[in-house]
Amino acid sequence: MKGAPHMAEKLTPREKGFSEWYVDLVQKAKLADYSDVKGCMVIRPNGYALWENMQRVLDKMFKDLGHKNAYFPLLIPESYLKKEAEHVEGFNPQLAVVTHAGGSKLEEPYVIRPTSETIINRSFAKWIQSYRDLPLLLNQWANVMRWEMRTRLFLRTTEFLWQEGHTCHETEEDAEKETRQMLEVYRTFAEDYMAMPVMTGQKSESERFAGALRTYSIEAMMQDKKALQAGTSHNLGQNFAKAFDTQFQGRDGKMHHVWQTSWGVSTRLIGGLIMTHSDDAGLIVPPKLAATHVVIIPIFGKASDAEKAQVLEKTNALAADLRKAGLGVVLDDDDTKSPGFKYNEHELIGTCLRIELGPKDLAKNSCVMVRRDVRQKEFVSLDEAVSKAQAMLDAMQKDLFTKAKSFRDSHTFEVNSYEELKEKADQGFLLAHWNLDPKVEARIKEETGLTTRCRPFDLKQEPGKCVVTGEPSPGRIVFSKAY
RNA sequence: CGGGGAGUGGCUCAGCCUGGUAGAGCACUUGGUUCGGGACCAAGGGGUCGCAGGUUCAAAUCCUGUCUCCCCGACCA
């Protein structure tokens, strides 16, 4: 007897409403939940596990390059923020401020950090004396708060988790090298671990971080063809060093301001991961970041008690073997739920690989394996189960990237007129000439909803004519609707 | 912040217009039968109707305020 599908369990299909699909998925896959605090979310164990895996990988990548972790206060004296004029101007509208503490009004309000350049520079100024102290390479895993008008789970919340790298260098060249190097780290992480292809490039003047010389970003394309800025790396020049008097005595015996960088990725990456790979059945997670790689579902059918015992014994042994091989394994032997229910459930929460094992398989010394992304059944000998599972996970990791990349590439266009730009506004990444004028950029945004994402490094910059004004353009920049 | 929609057991929603003892399906608990794509039967448990005021003999229902969420815009990682 088959019951009707439980409509309540199904996600809104992407075609019907991408935003609703996303919200449904985040909640039904138990990644996050709303809280009673405006704009803030609760990251549930399924979601936090993804973040922990991201942290683990990134942390190692940072440390391998010589960065060390540290921790600075959540609260920043308001006066610190005001030291760098552009910085405070940029962040002012988004600040939460603590005015009272310990039962009385504070002499000077504290700002809840929107980012930590200022308070970190206060320490840098104390710690750095000589060029021998450089480079100084720090990273902080922390929460930050930016008051937002409109929030979306993972993509934009008032409080979010991130890492912020902060480095000091002797020369501008060293700082630039670091800025670009960390952007490459982000690209590697996004592509090799998240299986999310990204464009790297420089942000336009209007998209530059408040207080930076230059901002670079990695930009990914979501399944609805909108861009997601997935990470940023800033060359801060000497702006903060001058504001906080962070100086060192150079090889020439004279005092110099340090050259700085900062770079960050946040829990927004989880949103990017979801919107890059997942489907109408639920979450799809690249194996390299999955907490649970395999679910084993024992099937009992009309089996006798003795057969059931045998099935259970086999599934237990298989689970142990898979774990020994380093995989995250769940043995779902709950006999109050039907196999079909479990299939759907694990597709919803994004378990990478499903293994079914029943009496019929036992008789053939085999099992059934199903990859979450392609959902096709494959019969596998139990003797080869572990190696086959690993091979399927490897293939899945590669295929997810390939699929996402071909999606992005097939929705990336060279556009040569303003008409065409308007026409293709919803179709993905549009490579167009622009004369660098922020007013023209603002007009395009106003009229089409398109923003400049970045000037891609791997796109040869050839002069042309601005699609709006016809004036000279140094090269094409990516326009897209964006999160 | 503007426009639109919505808050009623864990979830999806009905009831509200026209005030009068709070409902359904799913989920949950227990027992039994089931089991290769969301099983079935039976018996149970669970809700001060987002919150705060007000009107009234009486408020989920009417009035005022407020909070939150969703969709579409403007601001941002």
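FYI, side chains are in, hydrogens and waters are out, and symmetry mates aren't considered; it's all heavy atoms of this structure. Each chain gets a letter, A, B and so on, in the order the sequences are listed, and its residues count up from 1.
For B:U61, there is no paired base (Watson-Crick or G-U wobble, both distances below 3.5 Å). Under the Watson-Crick and G-U wobble criteria, each requiring two contacts below 3.5 Å, nucleotide B:U34 is left unpaired. Searching all strands for a Watson-Crick or G-U wobble partner of B:A6 with both distances below 3.5 Å returns B:U68. The base-pairing partner of B:A24, taking Watson-Crick or G-U wobble contacts with both distances under 3.5 Å, is B:U12. Of the nucleotides present, none pairs with B:G19 by Watson-Crick or G-U wobble criteria with both distances under 3.5 Å. With a 3.5 Å ceiling on both atom-pair distances, B:C75 lacks any Watson-Crick or G-U wobble partner. Nucleotide B:U48: unpaired (no Watson-Crick or G-U wobble partner with both distances less than 3.5 Å). For B:A43, the paired nucleotide is B:U29, the pair qualifying as Watson-Crick or G-U wobble because both relevant distances are below 3.5 Å.
Here the closest heavy-atom approach between residue A:Y418 and residue A:E447 is recorded as OH-OE1, 2.6 Å. When all heavy atoms of A:F244 and A:R122 are compared, the closest pair comes out as CD2-N, 4.0 Å.
One interatomic measurement links the two molecules: CE of A:M369 to C1' of B:G37, which rounds to 19 Å at whole-angstrom precision. Atom NZ of A:K481 is separated from atom C1' of B:A74 by 14 Å (rounded to the nearest Å). To the nearest angstrom, C1' of B:A77 lies 11 Å from CH2 of A:W51. Across the protein-nucleic acid pair, A:E345 atom CD and B:A27 atom P stand 12 Å apart, rounded to whole Å. We find that OH of A:Y483 is positioned 14 Å from P of B:A74, with the value rounded to whole Å. The distance between atom CG of A:D332 and atom C1' of B:C35, rounded to the nearest whole Å, is 13 Å. Rounded to whole angstrom, the span from the NE2 atom of A:H346 across to the C1' atom of B:G36 amounts to 16 Å. Computed from coordinates, the A:I297 CD1 to B:A39 C1' distance equals 15 Å when rounded to whole Å.
Between A:F160 and A:W162, the angle of the ring planes goes over 60°, which puts this pair in the perpendicular group of the 30/60° scheme.
For A:F341, counting side-chain heavy atoms from C-beta on, the closest listed nucleotide (B:G38, B:G36, B:A74) is B:G38. When each of B:G36, B:C71, B:U34 is scored by its nearest atom to the side-chain atoms of A:D335, the top-ranked nucleotide is B:U34. The A:K377 side chain lies nearest to B:G37 when the options are B:G37, B:A77, B:A74. Distance from the side chain of A:E356 is smallest for B:G36 among the nucleotides B:G36, B:C75, B:A77. When each of B:A77, B:C35, B:G36 is scored by its nearest atom to the side-chain atoms of A:D361, the top-ranked nucleotide is B:G36. When the nucleotides B:A77, B:U68, B:G37 are ranked by their closest atom to the side chain of A:K38, B:U68 comes out on top. Taking every side-chain heavy atom of A:R152 into account, B:C71 is the closest of B:C35, B:G38, B:C71. Checking B:C71, B:A77, B:C35 against every side-chain atom of A:E20, the shortest atom distance belongs to B:C71. Nearest nucleotide to the A:I299 side chain, out of B:C35, B:C75, B:C70: B:C35.
Contact of A:R150 with B:G2 (side chain to base): no donor-acceptor pair of N or O atoms is detected under 3.5 Å.
Using a 4.0 Å heavy-atom criterion, one finds that A:Q94 contacts the sugar-phosphate atoms exclusively. As judged by a 4.0 angstrom heavy-atom cut-off over every strand, A:P93 is placed among residues making no nucleic acid contact. Heavy atoms of A:V144 sit nowhere under 4.0 angstrom from any nucleic acid atom.
The gap from the P atom of B:G47 to that of B:C11 amounts to 14 Å, rounded to the nearest Å. Rounded to whole Å, the C1' atom of B:G9 lies 24 Å from the corresponding atom of B:G5. Here the separation of B:C57 from B:C28, taken at their C1' atoms, is 40 Å to the nearest Å. The same atom, C1', is picked in B:G46 and in B:G65; the two are 32 Å apart, to the nearest Å. Comparing the C1' positions of B:G38 and B:G45 gives a spacing of 25 Å, expressed to the nearest Å. If you take atom P in B:A39 and the same atom in B:C35, they sit 12 Å apart, rounded to whole Å. Between B:C70 and B:C63, the distance separating the two C1' atoms is 26 Å to the nearest Å. Between B:U61 and B:A43, the distance separating the two C1' atoms is 34 Å to the nearest Å.
Between A:K225 and A:F407 there is a side-chain heavy-atom pair separated by less than 4.5 Å. Two residues are said to be in side-chain contact when any heavy atoms from C-beta on lie closer than 4.5 Å; A:T292 and A:I349 fail this criterion.
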(message) The test is side chain to side chain donor-acceptor pair (under 3.5 Å); show your working for A:T200 and A:R187 and say whether it passes.
(response) CA-CA 7 Å; A:T200 58; A:R187 178 215 280 277; 3.1 Å; yes
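The side chain of A:S338 contributes an N or O atom lying less than 4.0 Å from OP1 or OP2 of B:A39. Put simply, A:S19 has a side-chain N or O that comes within less than 4.0 Å of OP1 or OP2 on B:C71. For the OP1/OP2 pair of B:C70 and a distance below 4.0 Å, the side-chain nitrogens and oxygens of A:Y34 include at least one atom meeting the criterion. Applying the 4.0 Å criterion to OP1 and OP2 of B:C75, one finds that A:K445 has a side-chain N or O inside that range. For the OP1/OP2 pair of B:C28 and a distance below 4.0 Å, the side-chain nitrogens and oxygens of A:K337 include at least one atom meeting the criterion. Between A:K302 and B:C35, a side-chain N or O to OP1/OP2 separation shorter than 4.0 Å is present.
With respect to the salt-bridge test (charged N to carboxylate O, under 4.0 angstrom), the residues A:R443 and A:E446 do not qualify. Note on A:D426 versus A:K481: salt bridge recorded, some NZ/NE/NH1/NH2 to OD/OE distance being below 4.0 Å.
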What does the list of N/O pairs under 3.5 Å between the protein and nucleotides 42-45 of chain B look like, with a distance for each?
none

N/O donor to acceptor pairs below 3.5 angstrom from side-chain atoms of residues 379-386 of chain A, sequence neighbours left out:
residue: A:S381; atom: OG; partner: A:D383; partner atom: N; Å: 3.1
residue: A:D383; atom: OD1; partner: A:N365; partner atom: ND2; Å: 3.4
residue: A:D383; atom: OD2; partner: A:N365; partner atom: ND2; Å: 3.3

Donor-acceptor list for residues 210-218 of chain A side chains, cut-off 3.5 Å, not counting sequence neighbours:
residue: A:R214; atom: NE; partner: A:E176; partner atom: OE1; Å: 3.3
residue: A:R214; atom: NE; partner: A:Y216; partner atom: OH; Å: 3.3
residue: A:R214; atom: NH2; partner: A:E176; partner atom: OE1; Å: 3.0
residue: A:T215; atom: OG1; partner: A:F209; partner atom: N; Å: 2.9
residue: A:T215; atom: OG1; partner: A:H234; partner atom: ND1; Å: 2.8
residue: A:Y216; atom: OH; partner: A:E176; partner atom: OE1; Å: 3.4
residue: A:Y216; atom: OH; partner: A:E176; partner atom: OE2; Å: 2.3
residue: A:S217; atom: OG; partner: A:E219; partner atom: OE2; Å: 2.8

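Between A:S206 and A:E347, the residue whose closest nucleotide on RNA chain B is further toward the 5' end is A:E347.
Of the residues A:H166, A:H67, A:Q163, the one that meets the side-chain hydrogen bond (donor to acceptor under 3.5 Å, both in side chains) test with A:N139 is A:Q163.
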